[in-house]
Amino acid sequence: MPFDPGLAARIADLLPRAGAAGARQKNVFGGRGFLLGKSTFVIAWDGPLLVKMPPAEYEAALARAGVTPFAPDGERPMSSWVVVDAETIADDPELLEWVEAGVRAVRG
């Protein structure tokens with residue numbers, strides 16, 4: 001799945017506010033991943049966003065509208081990743097919230 005360059009640019013613009021100014025980008029799972037060190041914390045797809053969640057926040061994230069577990073190829077869901085639909089991250093304050101969650105997940 002190709003990634004949305006506009007979404008990737010929005011994420012890149014928010015990185016300093018999310019405490020991840022030094023993040024780098026790399027193609028991951030067919031999208032554009034953002035990494036701190038070797039750990040990916042969010043991936044921009046063509047519309048939705050994949051977010052690595054802190055373990056203590058995973059279930060609460062799934063209870064939110066527009067959020068589903070990440071289950072590549074319909075297999076068993078990955079227990080730390082969620083898919084956030086495009087409508088849920090249409091505005092930058094909401095996108096920032098998800099990017100910050102991803103940063104928390106990799107910084108522990």
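Because the structure is a prediction, the values reported are computed rather than measured.
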field: Inter-residue atom distance L14.CG - W98.CH2, 0.5 Å rounding
entry: 15.0 Å
- request: Look up atom CZ in F29 and atom CH2 in W81, then write down how far apart they are to the nearest 0.5 Å.
  value: 7.0 Å
- prompt: Which atom names give the shortest non-hydrogen contact between G19 and R107, and what distance separates them?
  reply: O-NH1, 2.7 Å
- line: On a heavy-atom basis, the closest approach of T40 and I43 is CG2-CG1, 3.6 Å
- request: Considering non-hydrogen atoms only, spot the tightest contact between P54 and A101 and give its length.
  value: CD-O, 3.4 Å
query: Less than 4.5 Å apart, any side-chain heavy atom of T88 and any of E94?
result: no
- line: On a heavy-atom basis, the closest approach of A21 and P16 is CB-CA, 4.1 Å
field: Check: R17 and L96 side chains under 4.5 Å, non-hydrogen atoms
entry: yes
task: Tell me whether F34 is reachable from V99 by hopping between hydrophobic residues (I, L, V, M, F, W, Y) whose side-chain heavy atoms are closer than 4.5 Å.
output: yes
query: Rounded to the nearest 0.5 Å, how far apart are CG of D92 and CD of E97?
result: 12.5 Å
query: Checking D91 side chain against P93 main chain: does a donor-acceptor pair fall under 3.5 Å?
result: no
field: L50 and W45: CA distance, side-chain angles, deciding distance, side chain to side chain contact (heavy atoms under 4.5 Å, CB included) verdict
entry: CA-CA 7 Å; L50 277 133; W45 271 354; 3.1 Å; yes
task: Quick one: closest heavy-atom pair of A61 and V82, and the distance?
output: CB-CG1, 4.5 Å
- request: Could you tell me the separation between the CD1 atom of I89 and the CG atom of L7, rounded to the nearest 0.5 Å?
  value: 4.5 Å
message: With a 4.5 Å cut-off on side-chain heavy atoms, are V83 and P69 touching?
response: no
query: Would you say I11 and L95 make side-chain contact, with heavy atoms under 4.5 Å?
result: yes
message: For E87, is the CD atom crowded, meaning more than 12 foreign heavy atoms sit under 6.0 Å from it?
response: no
query: Say you draw a straight line from CG of L15 to CG of L36; how long is it, rounded to the nearest 0.5 Å?
result: 8.0 Å
- prompt: Would you call R104-E57 a salt bridge at under 4.0 Å N-O?
  reply: yes
- prompt: Do K52 and V106 come close enough that some side-chain heavy atom pair is under 4.5 Å?
  reply: yes
task: Identify whether L62 and F70 are in the same connected component of the hydrophobic contact network (ILVMFWY, side-chain heavy atoms under 4.5 Å).
output: no
- line: In short, L35 meets K26 closest at the heavy-atom pair CD1-CB, 3.7 Å
message: To the nearest 0.5 Å, what is the distance between CG on L49 and CZ on F3?
response: 13.0 Å
